[in-house]
Amino acid sequence: MSHADAINPNHGPRPTNLIGPQVRYLRERLGLTQDELAGRLCRYGLELDYVKIGQIENGKRRVVDWELVGFARALGVSVNWLLCGEDGRL
């Protein structure tokens, strides 16, 4: 058993970021396409197209700190919410 399996035994391979599911959930709840979210992110200096946003939502692309802040601003939530969800717990 690998270290990753010991940490996450029932969920398969670990995603490369924590915020993907939160981004997708909120984007869909706001009725935004990935292209529309890309436009919002551009206002905060992030040049991410729909392909990169899809990779983030699917846990296949890492997110750096300034991107995390940009997503929070573009979606109108806190960084903590993106990282931990509604209840604030990991």
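No hydrogens, no waters, no symmetry mates; every other heavy atom, side chains included, goes into these values.
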- Message: Taking the side chain as everything from C-beta on, heavy atoms only, tell me whether N17 gets closer than 4.5 Å to R62.
- Response: no
- Message: Between E47 and C42, is there a side-chain heavy-atom distance shorter than 4.5 Å?
- Response: yes
- Task: Taking the side chain as every heavy atom from C-beta outward, state whether L83 and V79 have any atom pair closer than 4.5 Å.
- Result: yes
- Message: Please find the pair of heavy atoms, one from A72 and one from S78, that lie closest to each other, and give the distance.
- Response: CB-C, 4.0 Å
- Just do the salt bridge (charged side-chain N to carboxylate O under 4.0 Å, His left out) check on E57 and R27 with the steps written out, would you? CA-CA 10 Å; E57 289 181 350; R27 178 183 60 77; 2.6 Å; yes
- Looking at CG of L48 and CG of L37, how far apart are the two atoms once the value is rounded to the nearest 0.5 Å? 8.5 Å
- Item | Hydrophobic cluster identity match, Y50 and I19, side-chain contacts under 4.5 Å | no
- Task: Give the cluster check for V51 versus V63: same hydrophobic cluster or not, with ILVMFWY residues linked at side-chain heavy-atom distances below 4.5 Å.
- Result: no
- Message: Less than 4.5 Å apart, side chain to side chain, heavy atoms only: is that true for L18 and L82?
- Response: no
- Message: In this structure, would Y44 and I56 fall into the same cluster of hydrophobic residues linked by side-chain contacts under 4.5 Å?
- Response: no
- Message: Let's go through R61 and E67 carefully: what are the C-alpha distance in whole Å and the side-chain angles of both, what is the deciding distance for salt bridge (charged side-chain N to carboxylate O under 4.0 Å, His left out) to 0.1 Å, and is it a yes or a no?
- Response: CA-CA 12 Å; R61 182 185 180 278; E67 291 173 337; 3.0 Å; yes
- What's the spacing between I53 CD1 and E36 CD if we round to 0.5 Å? 10.5 Å
- Message: Could you measure the distance from the CG atom of L26 to the CH2 atom of W81? Nearest 0.5 Å is fine.
- Response: 4.5 Å
- Message: Taking CZ in R24 as the centre, count heavy atoms belonging to other residues, nucleotides or ligands within less than 6.0 Å. Is the count above 12?
- Response: yes
- Message: Quick check: do L30 and R40 have side-chain heavy atoms less than 4.5 Å from each other?
- Response: yes
- Under 3.5 Å, is there a donor-acceptor pair between the side chain of Q34 and the main chain of D49? no
- Path from V23 to W66 over hydrophobic side-chain contacts below 4.5 Å: yes
